[in-house]
Amino acid sequence: MIRRDVLMRQIRQLGQALAAIVSTADTGSPNAVLDAIDEAVQVHLDGTAADLRTLPPETLLAMCRDGDRFEPEAAQTLARLLNLQGRAHEDRDEPEKAGGAFGRALLLYRRLLRTPDAPVSWKVGTTVAALSDRVDDLPVDEATREALDALRNGTN
């Protein structure tokens, strides 16, 4: 149980770092955004931004679970981070990397929307629609496509 508590604390701290990353994104420098995301993931999750972008969907969703309970705060933090990462890769004309990040962000947002009583902003619906269009237009790995299809069909 201690390990799960540590992961949730790290994701909350990552959420706090997200504010600084968002302000970096406003500068229009995708390299600075990717550097900031990579640093935040290294500090708070002991990994890299590439790790986050390429995690198997079931592992990414497991990071947002506390026992049998799905943690909306963790999912939203990771989804926002992946969405920013996808935009930066898109700005750098890296469609495979953008597709990987956007696909995983969409997976988390769709799972979040299925969570009863999750504090979800109305903006999430707009974000999901925009991500759906991007994911349809970009290369996304087969495992993420299958996970998205399973959520869409209600089999996950």
When clusters are formed by joining ILVMFWY residues with side-chain heavy atoms under 4.5 Å apart, either directly or through shared neighbours, do L61 and L81 land in the same one? yes

Quick one: pull up OG1 in T77 and CD in E71 and give me the separation to the nearest 0.5 Å. 10.5 Å

Under 3.5 Å donor-acceptor pairs involving side-chain atoms of residues 101-110, not counting sequence neighbours:
unit_1 : atom_1 : unit_2 : atom_2 : d
R104   : NE     : R53    : O      : 3.0
R104   : NE     : L55    : O      : 2.8
R104   : NH1    : R53    : O      : 3.1
R104   : NH1    : G100   : O      : 3.1
R104   : NH1    : D141   : OD1    : 2.9
R104   : NH1    : T144   : OG1    : 3.3
R104   : NH2    : L55    : O      : 3.2
R104   : NH2    : D141   : OD1    : 3.0
R104   : NH2    : T144   : OG1    : 3.4
R110   : NH2    : S132   : OG     : 3.0

Residues that E146 engages under side chain to side chain contact (heavy atoms under 4.5 Å, CB included), provided they are two or more places apart: E142

Over all heavy atoms of both residues, which pair between V140 and V135 is shortest? Give the atoms and the distance, please. CG2-CG1, 3.7 Å

For A74 versus C64, what's the shortest heavy-atom pair and its separation? C-SG, 3.9 Å

Indicate the atoms forming the closest heavy-atom contact of P30 with A88, along with that distance. CB-O, 3.4 Å

Spacing of T48 atom OG1 and D51 atom CG [to the nearest 0.5 Å]: 3.0 Å

Gap between atom CD of Q85 and atom CZ of R80 - 0.5 Å precision: 14.5 Å

Dump the intermediate steps for side chain to side chain contact (heavy atoms under 4.5 Å, CB included) on L52 and L60, then the final yes or no. CA-CA 8 Å; L52 190 60; L60 185 62; 4.0 Å; yes

Working to the nearest 0.5 angstrom, can you tell me the gap between I37 CD1 and L84 CG? 5.5 Å

Write out all pairs satisfying salt bridge (Lys or Arg N to Asp or Glu O under 4.0 Å) with one or both partners inside residues 128-137, taking only residues at least two apart or from two chains. E90-R134

Nearest atoms (heavy-atom pairs only) where P95 meets P139: O-CD, 3.7 Å

Report the residues that fulfil salt bridge (Lys or Arg N to Asp or Glu O under 4.0 Å) with R92, sequence neighbours left out, ordered by chain and then residue number. E94

What distance do L78 atom CG and E73 atom CD have between them, rounded to the nearest 0.5 Å? 10.5 Å

Can you name the residues that form a side-chain hydrogen bond (donor to acceptor under 3.5 Å, both in side chains) with D38, not counting sequence neighbours? Q42

Are V33 and L138 joined in one hydrophobic group, where the rule is that I, L, V, M, F, W and Y side chains link up if heavy atoms are under 4.5 Å apart? yes

